[in-house]
Amino acid sequence: MKLTGLRKKVVTLTWKGHASSLVEISGLDIGWGQKMPLKYEEEQNLWILKRELLEGRYEYKYIVDGEWLVNEDEPITAPNKDGHINNFIKVRYRI
């Protein structure tokens with residue numbers, strides 16, 4: 001795959017709620033073996049991750065206090081061959 005010409009865009013992913021002590025994300029551009037923490041914004045009652053991603057489609061899942069979950073407020077994939085569902089985002093650069 002040729003990467004020339006692809007552009008990056010900052011995306012914001014969020015998880016609602018203050019009851020959690022740690023919210024992380026896996027997948028995206030870091031792979032399923034890595035986790036990235038979200039930052040809690042008390043005024044908004046949201047866990048937030050801002051990430052610059054190349055154009056494309058990315059699957060990811062939230063890890064909330066160690067439990068792998070999908071965010072029902074974001075697009076969800078159909079179950080894969082193992083029965084897993086994930087959130088996904090399509091990144092498009094618009095001029």
Side-chain angles (χ1 to χ4, degrees):
M1 183 167 105
K2 190 174 179 184
L3 294 179
T4 306
L6 291 181
R7 298 180 183 182
K8 289 186 175 183
K9 179 180 177 183
V10 175
V11 298
T12 302
L13 300 172
T14 61
W15 183 268
K16 292 181 187 173
H18 66 280
S20 308
S21 59
L22 178 63
V23 178
E24 300 169 295
I25 205 163
S26 188
L28 287 176
D29 62 330
I30 61 170
W32 295 106
Q34 302 293 319
K35 297 176 186 175
M36 192 178 332
L38 280 71
K39 181 179 177 188
Y40 184 66
E41 296 289 339
E42 195 169 343
E43 303 84 38
Q44 300 177 60
N45 191 31
L46 288 175
W47 292 84
I48 299 174
L49 174 70
K50 290 186 184 282
R51 183 99 176 139
E52 190 175 54
L53 297 172
L54 286 170
E55 293 175 292
R57 184 179 185 278
Y58 300 88
E59 290 189 20
Y60 57 96
K61 207 157 197 169
Y62 291 91
I63 303 123
V64 181
D65 292 334
E67 184 178 357
W68 290 67
L69 301 169
V70 293
N71 185 336
E72 298 290 339
D73 296 328
E74 297 173 1
I76 297 172
T77 64
N80 64 19
K81 63 182 167 88
D82 297 322
H84 299 285
I85 59 170
N86 300 312
N87 288 111
F88 73 91
I89 187 168
K90 290 182 182 176
V91 179
R92 294 186 184 109
Y93 183 84
R94 293 197 171 110
I95 298 174

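Since we're looking at a predicted model, the values are computed, not measured. All residue numbers in this chain count up from 1 along the given sequence. Side chains are part of it too, since the values below use all heavy atoms of this structure and drop only hydrogens, waters and symmetry mates.
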Looking only at heavy atoms, which two atoms of [X] and [Y] are closest? And how far apart?
X: L13; Y: Y60; answer: CD2-OH, 3.6 Å
X: D65; Y: A19; answer: OD2-O, 4.4 Å
X: S26; Y: I63; answer: CB-CD1, 3.7 Å

Verify same cluster id: [X], [Y] (apolar side-chain graph, 4.5 Å):
X: L54; Y: V91; value: yes
X: W15; Y: V70; value: no
X: I30; Y: V11; value: yes

Sequence neighbours excluded, the answer for ring-ring contact (aromatic ring centres under 6.0 Å, His included) partners of Y40 is W47
Could you pull out all residues at least two apart from Y58 that satisfy ring-ring contact (aromatic ring centres under 6.0 Å, His included)?
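By the ring-ring contact (aromatic ring centres under 6.0 Å, His included) rule, Y58 matches no residue at all.
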Is a side-chain donor or acceptor of [X] paired with a backbone partner of [Y] at a separation under 3.5 angstrom?
X: T14; Y: I48; value: no
X: N87; Y: P75; value: yes
X: D82; Y: H84; value: no

Answer yes or no: is there a side-chain heavy-atom contact under 4.5 Å between M36 and R51?
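With C-beta onward as the side chain, the pair touches.
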Carboxylate-amine/guanidinium proximity below 4.0 Å for K50 and E52:
no
Run V23 and Y62 through side-chain contact (heavy atoms from CB on, under 4.5 Å) and show every step you take.
CA-CA 7 Å; V23 178; Y62 291 91; 4.2 Å; yes
Spatial distance of atom [atom1] ([X]) from atom [atom2] ([Y]) [nearest 0.5 Å]:
X: L49; Y: L38; atom1: CG; atom2: CG; value: 5.0 Å
X: L69; Y: I85; atom1: CG; atom2: CD1; value: 10.0 Å
X: Q34; Y: L28; atom1: CD; atom2: CG; value: 12.0 Å

Apply salt bridge (Lys or Arg N to Asp or Glu O under 4.0 Å) to residues R57 and E59 and explain how you reach the verdict.
CA-CA 7 Å; R57 184 179 185 278; E59 290 189 20; 3.1 Å; yes
When you look at D73 and K16, which way does the side-chain contact (heavy atoms from CB on, under 4.5 Å) test go after all the steps?
CA-CA 9 Å; D73 296 328; K16 292 181 187 173; 3.4 Å; yes
